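Remember, it's 1-based here, ligands and their atoms both numbered in the order they're listed. Source: prediction; values computed, not measured.
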Amino acid sequence: MSAEAKQNTITIDGQEILFRQGQTIMDAALAAGVYIPHLCHKPGLAPHGSCKLCTVNIQDRNVSSSPSDRRVQTKFFVDIDSRSVSACTMPAVAGQHISNNTPELNEVRKTITQMLFIEGNHLCPSCEKTGDCTLQAVAYHLGMLDGHFPQFFPRREVDASHSSVMLDRDRCILCELCVRASREVDGKNVFAIAGRGINAHLIVNSPSGKLADSGLETGDMAAHICPVGAILIKEHGYEVPIGRRTFDLHQVGEIGLEKVILAKTRHTDE
Ligand code: SF4
Ligand code: FES
């Protein structure tokens, strides 16, 4: 590798990866075919940094830990000399040594995924997104066998007012992909998040607060980008047979699955 190329190189799990100036660690990893688990990231939309599934550790070579730190490190398997960052928001900087696919990080990611499952009503056997759902696929990828925590069983409003799109807030993971897609791509600003903490919820920017009174159309990216079964096109559920759904045929770690999922779940009025 030339000296110039070295200047634009990061290392992920020991693999050297070239990056372009301005790319995040996530951008560089995906471009090199390296999977970093993620739910709120979509290439082309502004990074959001909310799901924390893409948490990686960056080795800081300049920090040397004390002997007592070392004891903590050994006891709790914590790497004192590294810091945890979101790969989707952290710029790639030459020389970074990044840990991604480690048992410790994947265990934390599994816990985050379990929390997402129990906070909503993700009852996969009765959800038409099953097999095409990124949350479900990430849970399989991380070896999640149960929810671990007590279920919340929320009762949030379902909006079925629109003639061809429905919104089930009980399955919303607040990734804001629909918010960003509507604002940045569709130019409509149909969705937003209101409330804080456990009361945070997706709202519709229309006079009545209903989808029917919004400008949302089935051709909009916001109508198709939801990684779970919260925003669905009506009257197309269960069209793909078991065995041919996205994650029957693909691993969630395959790069560029967006187009595959879209081909199976995109429906327009035409
Ligand atoms: S409706 Fe879907 S895309 Fe929108 S914030 Fe909720 S989970 Fe994300
Ligand atoms: S992908 Fe969600 S925080 Fe990075």
Short N/O/S contact of Cys175 with atom 8 (Fe) of ligand 1 (below 2.8 Å): yes

Atoms of ligand 2 close to His38 [distance to a heavy atom under 4.0 angstrom, numbered from 1]: 1 (S)

For Ile231, the ligand 1 atoms whose distance to one of its heavy atoms is below 4.0 Å: 1 (S)

Close-contact set for ligand 2 against Cys51 heavy atoms, below 4.0 Å: 1 (S), 2 (Fe), 3 (S)

Those atoms of ligand 1 less than 4.0 Å from some heavy atom in Cys178: 1 (S), 3 (S), 4 (Fe), 5 (S)

Numbering as shown, the atoms of ligand 1 that approach Cys172 to under 4.0 Å (heavy-atom distance): 1 (S), 5 (S), 6 (Fe), 7 (S)

Sub-4.0 Å atoms of ligand 2 with respect to non-hydrogen atoms of Cys54: 1 (S), 3 (S), 4 (Fe)

Heavy-atom side-chain proximity of Leu39 to Cys175 below 4.5 angstrom: no

Numbering as shown, the atoms of ligand 1 that approach Val228 to under 4.0 Å (heavy-atom distance): 7 (S)

Close side-chain approach of Thr24 and Thr89, heavy atoms under 4.5 Å: no

Heavy-atom nearest neighbour in the protein, as seen from atom 3 (S) of ligand 2, with distance rounded to 0.1 Å: Lys52 N, 3.1 Å

Best match, Leu202, Leu177, Ile225, Val179: closest heavy atom to atom 1 (S) of ligand 1: Leu202

Subset of ligand 1 atoms that lie under 4.0 Å from at least one heavy atom of Ala230: 1 (S), 2 (Fe)

Contacting atoms of ligand 1, where contact means under 4.0 angstrom from a heavy atom of Pro227: 3 (S)

Expected output: side-chain Ser214 to main-chain Val190 donor-acceptor under 3.5 Å: no

Interfacing atoms of ligand 2 (cut-off 4.0 Å, heavy-atom, His41): 1 (S)

Those atoms of ligand 2 less than 4.0 Å from some heavy atom in Ser50: 3 (S)

His148-Phe117 aromatic ring centre distance below 6.0 Å: no

Ligand 2 atoms in contact with Cys88 (distance to a heavy atom under 4.0 Å): 1 (S), 3 (S), 4 (Fe)

Pair Asp213 + Lys210: basic N to acidic O under 4.0 Å: no

Heavy atom of the protein closest to atom 2 (Fe) of ligand 1 (residue, atom name, distance): Cys226 SG, 2.3 Å

Test log, rule salt bridge (charged side-chain N to carboxylate O under 4.0 Å, His left out), inputs Lys129 and Asp132: CA-CA 5 Å; Lys129 195 70 184 273; Asp132 293 309; over 6 Å; no

Ion pair check, Arg266 and Glu258, cut-off under 4.0 Å: no

Whether Asp248 side chain and Arg245 backbone form a donor-acceptor pair below 3.5 Å: yes

Side-chain (His224) to main-chain (Thr218) donor-acceptor, under 3.5 angstrom: yes

For atom 7 (S) of ligand 1, closest protein heavy-atom neighbour: Ile173 N, 3.3 Å

Side-chain heavy-atom pair Val93, Ile58 within 4.5 angstrom cut-off: no

For Glu176, the ligand 1 atoms whose distance to one of its heavy atoms is below 4.0 Å: 5 (S), 8 (Fe)

Side-chain heavy-atom pair Lys188, Glu217 within 4.5 angstrom cut-off: yes

